[in-house]
Amino acid sequence: MNAIEVRELVKDYGSFRAVKGISFDVREGEVFGLIGPNGAGKTTTLRIIATLLRISSGSVQVFGNDLRREPHEVRKILSYLPEDAGAYKNLTGREYLQFIADFFASGRAADEIVKKGIEIASLSDRIDDKVDTYSKGMTRRLLVSRALMTEPKLTILDELTSGLDVINAQEIRKTVKSISEKGTTVLLSSHNMLEVELMCDRIALINDGRIVELGTPAELKGKHNASNIEEVFTKVVTA
Amino acid sequence: MSSLTNIVKKEFREMLTKSTIIPVILMAVMFGYLGSMMGDVEEEVSAPPVIGLVDLDDGVISDIAFKVLNASSDMAYNGTDVDAGLEEVKKAGGVALIVLPANLSSDILNGSRGYIDVYWMMEGAGMLDAISSASVDSLLGSMSYGISAYLVNESSETDPAVVLFPVERSDTTIFQDEVMEDVSPDFLITMLSAQSFTVPFIIMMIIIMAGGMVISSMGLEKENKTLETLLTLPVSRGSIVSGKLVASALVGLVMAGIYMVGFNYYMTSIETSAEIDLAKYGLDLSPVDFILVGVSVFVSLLAALSMCMVLGTYAKNYKSAQTLTMPITLLAIIPMFITMFKDFGTLPLALQAVLFVIPFSHPMMAMRELMFGNYALVLGGIAYVTAFAIVMIAITVWIFKTDRLLTGSMKGKGLTRLLRKKR
Ligand SMILES: Nc1ncnc2c1ncn2[C@@H]1O[C@H](COP(=O)(O)OP(=O)(O)O)[C@@H](O)[C@H]1O
Ligand SMILES: [Mg+2]
């Protein structure tokens with residue numbers, strides 16, 4: 001079964017067409033990456049799948065649920081991490097995780113979720129400090145743990161590590177990798193082509209609202225006779 | 001260009017935007033309007049006041065009194081019957097009926113003070129409603145002065161207490177058909193002034209503060225993208241909207257409650273010190289009245305907050321949220337000023353309409369209007385404000401279900417499209 005099926009998806013912002021009819025499938029359990037330059041339409045696509053934006057035309061199925069007809073069902077099985085997101089600054093890390101967990105479960109079940117989140121965030125005793133004292137890397141780790149602690153069937157991560165230092169970025173990649181090994185399907189976006197190559201089972205290259213290439217990193221490198229995905233991208237776009 | 005000029009230029013451009021200028025212009029226009037309203041009142045004052053005179057004395061002193069009064073007033077009645085006099089003065093929209101008793105001349109010429117009665121006609125108890133009585137006050141001063149002059153020149157009277165202050169007066173105020181003995185308009189207005197100022201001011205504060213909280217919370221949520229997260233959680237849009245509304249309404253009510261306690265304390269301390277029982281004249285509030293005031297405050301708060309939610313959906317971040325509070329601030333300040341100075345009943349029709357349409361006026365007026373027994377205005381206001389709040393909440397939920405929450409920019413793309421759609 002496919003986790004996500006996107007068909008001829010179009011998104012218009014007023015008269016501006018940001019996504020120009022894209023189709024792709026994400027298989028259950030895989031890590032799928034959307035890569036492309038800034039403004040390519042990655043965030044727009046992810047926001048649509050995350051039920052935040054309406055579809056202009058085309059269709060999206062998430063685990064068999066039609067996005068237009070059953071957004072509420074979709075919200076029960078996915079988690080979405082926006083690019084550059086923050087948490088409520090007047091809460092501590094633990095309180096923030098608790099706030100989110102209470103939407104998914106109650107009582108001891110919610111406490112279990114929070115425990116899991118704290119483990120994933122691995123902020124040690126800083127978890128009880130206010131979020132507004134966190135560094136960018138710590139905030140991102142808290143938010144990643146928020147997105148993963150409920151063990152969603154699908155997680156959508158926009159610009160997973162952008163703006164983070166190497167150590168934080170590596171930690172977060174490791175966390176996401178390990179959650180995917182436990183069965184969560186991961187859809188992520190990045191403009192960092194090397195990162196995507198490291199993490200993704202399959203990738204789609206997106207440029208100017210269109211998917212210009214799709215496959216495993218190895219396939220694409222072989223097809224275009226390139227040594228890395230950056231090279232593939234340059235070749236595809238300039239061709 | 002020096003670096004200083006460079007910075008000044010940048011800051012200036014950043015601060016002087018349409019959204020900062022427009023509210024100021026609106027303010028100026030409003031004050032202009034308020035000024036012309038006061039100008040009208042002043043004209044009322046510079047025109048001779050309309051009074052009536054009941055002369056039961058017909059002696060030399062009352063002749064002087066008549067001459068002085070007649071010289072600078074528009075006398076609607078001059079006769080010997082108090083009831084007829086009251087009738088005529090009221091018909092002419094006059095300010096006061098002055099009664100000179102039968103023994104006025106003899107008392108004064110015999111070396112004691114004379115007593116006159118003044119019946120005041122009051123229509124409103126706002127600050128500006130007091131001005132016309134002030135001009136009659138000074139007229140009575142001239143009258144007393146005229147009598148003093150006569151005593152000095154023409155009589156052998158030497159007791160300075162009588163020569164300087166030949167007449168003493170007792171005031172009766174007829175306020176909206178309620179006869180209040182030993183109460184002067186000044187006194188009544190002072191009694192009610194605590195309320196005239198405090199109620200509109202506190203309501204304005206609550207609306208601006210609670211409304212500001214809602215708008216900035218929306219701005220913050222967008223800035224931190226916590227709203228985006230919230231909208232992907234398994235929780236209905238309706239719950240998010242009502243959660244925000246209920247929380248801020250509760251905060252608003254807590255603020256209102258704190259104020260009520262303070263205000264109540266203030267009122268009791270004034271009432272005891274003034275030794276006047278407003279209840280004696282029907283100017284108090286029954287428990288039902290208090291409930292109505294509470295309802296009026298609550299629905300207006302809800303209207304304000306839901307309106308702020310609509311505005312807040314256009315906030316992109318915390319800073320733009322600050323600018324978006326301007327309309328609310330204006331809508332709270334305008335009725336505050338108007339209701340402070342004039343009672344609804346004594347306003348020109350255009351201002352009455354403005355006041356009624358602005359939902360926040362109603363709780364500002366409610367207490368006063370209930371004191372006067374104007375239930376129609378208060379109940380009508382509650383009905384109107386409730387409808388207003390329902391429409392605003394519906395718009396908010398609708399916006400939450402569309403893209404506009406995330407894509408609608410303050411610059412108006414979403415807003416203009418929304419308006420275009422309506423047309
Ligand atoms: N709310 C919006 N209104 C209008 N245009 C938008 C909006 N959001 C994004 N866009 C435009 O859509 C295009 C795709 O943006 P986005 O999906 O954010 O790209 P990416 O995430 O790949 O950098 C860009 O040209 C961007 O300017
Ligand atoms: Mg993006």
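By convention in this document, chain letters (A, B, ...) are assigned in the order of the sequence lines, proteins followed by strands, and residues within each chain are numbered from 1.
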message: Is A:A87 in contact with chain B via its backbone, its side chain, both, or neither, using a 4.5 Å heavy-atom distance?
response: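 The backbone, not the side chain.
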
- prompt: What are the two closest non-hydrogen atoms of A:K76 and B:P234, and how far apart are they?
  reply: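 Minimum heavy-atom separation between A:K76 and B:P234: CG-CB, 4.0 Å.
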
- request: Might you point out which heavy atoms bring B:V235 and A:H72 nearest each other, and give the distance in Å?
  value: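 Closest heavy-atom pair between B:V235 and A:H72: N-CE1, 3.9 Å.
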
[X], [atom1]: over 12 other non-hydrogen atoms inside 6.0 angstrom:
X      : atom1 : value
A:M138 : CE    : yes
A:K115 : NZ    : no
A:Y134 : OH    : yes
B:M209 : CE    : no
B:K401 : NZ    : no
A:F63  : CZ    : yes

query: When rounded to the nearest 0.5 angstrom, what is the spacing between NZ in B:K225 and CG in A:L81?
result: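 If we round to the nearest 0.5 Å, B:K225:NZ and A:L81:CG are 10.0 Å apart.
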
field: Spacing of CD belonging to B:E223 relative to NZ belonging to A:K89, to within rounding of 0.5 Å
entry: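 Spacing of CD (B:E223) from NZ (A:K89) equals 7.0 Å.
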
- request: Flag the pair A:R47 and B:D403 as a salt bridge only when some basic side-chain nitrogen lies within less than 4.0 angstrom of an acidic carboxylate oxygen.
  value: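 Looking at A:R47 and B:D403, the cut-off is not met.
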
- request: Return the option, out of A:F103, A:Y88, A:Y80, with the maximum number of heavy-atom pairs under 4.5 Å with chain B.
  value: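 Looking at each option in turn, the highest pair count goes to A:Y88.
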
- prompt: Most heavy-atom pairs under 4.5 angstrom with chain B, which of A:I77, A:D84, A:L53, A:T139?
  reply: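 Greatest number of close heavy-atom pairs with chain B: A:L53.
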
query: So what's closer than 4.5 Å to chain A heavy atoms on B:L230: side chain, backbone, both or neither?
result: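 Looking at B:L230, just its side chain touches chain A.
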
Is any side-chain heavy atom of [X] closer than 4.5 Å to a side-chain heavy atom of [Y]?
X      : Y      : value
A:S79  : B:T232 : no
A:R75  : B:L233 : no
B:T229 : A:R146 : yes

